[in-house]
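Note that ligands are numbered from 1 as they come in the structure, with each ligand's atoms numbered from 1 the same way. No hydrogens, no waters, no symmetry mates; every other heavy atom, side chains included, goes into these values. Fair warning: this is a prediction, and the values are worked out from it, not measured in the lab.
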Amino acid sequence: MPAATVSILTTQPDAAEVWAEAWAAVERRDKSAREFVYAVTTTGVFCRSGCPSRRPARDNVRFFADAAAARAAGFRPCLRCRPEEVSGEAVLARRMADFLDGQRDRAVTLAELGRLTGRSPFTAQKVFRRVLGLTPAQYQRQARARALREELSRGDSVTDAVYAAGFGASSRVYESAGDALGMRPGQFRWGGEGVVIRYWTAPTLLGEMLVARTERGICAVALGAEREGLKHELRGRFEAAELREDPSLDAEIEAMAQACRESPAALLDLPLDLRATAFQMRVWESLRRIPAGETRSYREVAAALGNPKAVRAVARACASNPAALLVPCHRVVGSDGQLTGYRWGVERKRKILDMEAKERRG
Ligand SMILES: [Zn+2]
């Protein structure tokens, strides 16, 4: 699945956890969380999580895996969000996604997806996009990029990994990897125009952590000594966005802090929404290929990008990284092994590297 929110029910076997996440999705009217419906005992109506109607009190809500189960329990579908139609779409989208998962080594046409679902190619694409938030072609590119990361993290040679991941030619890797990062090139000074950004901060073992996300994914992760400073930094970066506090991100912060300590590779699976120049994108993607517990010098990163002279440009791209931990700029050090700078404090950089080295030694 391309975005963590889409598969909350399938990836979380523990029921209490699932419904806690489902409730969080209802609270933020998350349209992408479509695999369940919620019913309101006071009205007898059931809705999907993105329903625009007034949100019910938690005590009056029951969750069901799908519309049929809610109906069987005596609830009727909401006329505003039409949860039964959406569930039907979710089934179609899932069928297409499963098919695409099995066809990684070739481009699947919309005509094929149309035949698979008994819809027109246009409708098939529309349904896929509405449910999963990206086109079938983007979905395939993301799946390949993710497979590439997995192959590379197993230590295969780059060429083998590229082919194993289903890329025909390695020249396509960079652009597609950019897609997987949720990055769109060419917007150097993006202020968040027309975008709602939800954020929250919470204390972690690395100090106060701020996580901010758009509908598409995480757009900022920052570390600091206190909340107000982090909020100020976020506002400065996204001057034109509508910023909203969202306490439900508390769980995400806790999960990230825990992953950072116990399984840093898991941080690569979180959906990102970062804006960058093409060069920044290439640098950040290459940082994500440095295994946890290892470091590279700025010069090594530049050389890996095919431009050994671009040391200062690489350092600048590291310094402009908006997503601490998820884009591990802390793994880049001076050529003498000195920690040099870190946007969120050199002491913090040392602490993260220590944790990762310890985790690697087991
Ligand atoms: Zn509704």
Pairing of [X] and [Y] as salt bridge, 4.0 angstrom limit:
X: Glu233; Y: Arg235; value: no
X: Glu245; Y: Arg198; value: no
X: Glu285; Y: Arg282; value: no

Q) Do side-chain atoms of Arg348 reach the backbone of Gly224 as a donor and acceptor pair under 3.5 angstrom? A) yes

Q. Is it the case that Arg331 and Thr295 place a side-chain donor and acceptor less than 3.5 Å from each other?
A. no

Q. Taking atom CG of Leu325 and atom CG of Leu268, what is their separation to the nearest 0.5 Å?
A. 11.0 Å

Q) How many protein N, O or S atoms are found at a distance of less than 2.8 Å from the Zn ion (ligand 1)? A) 4

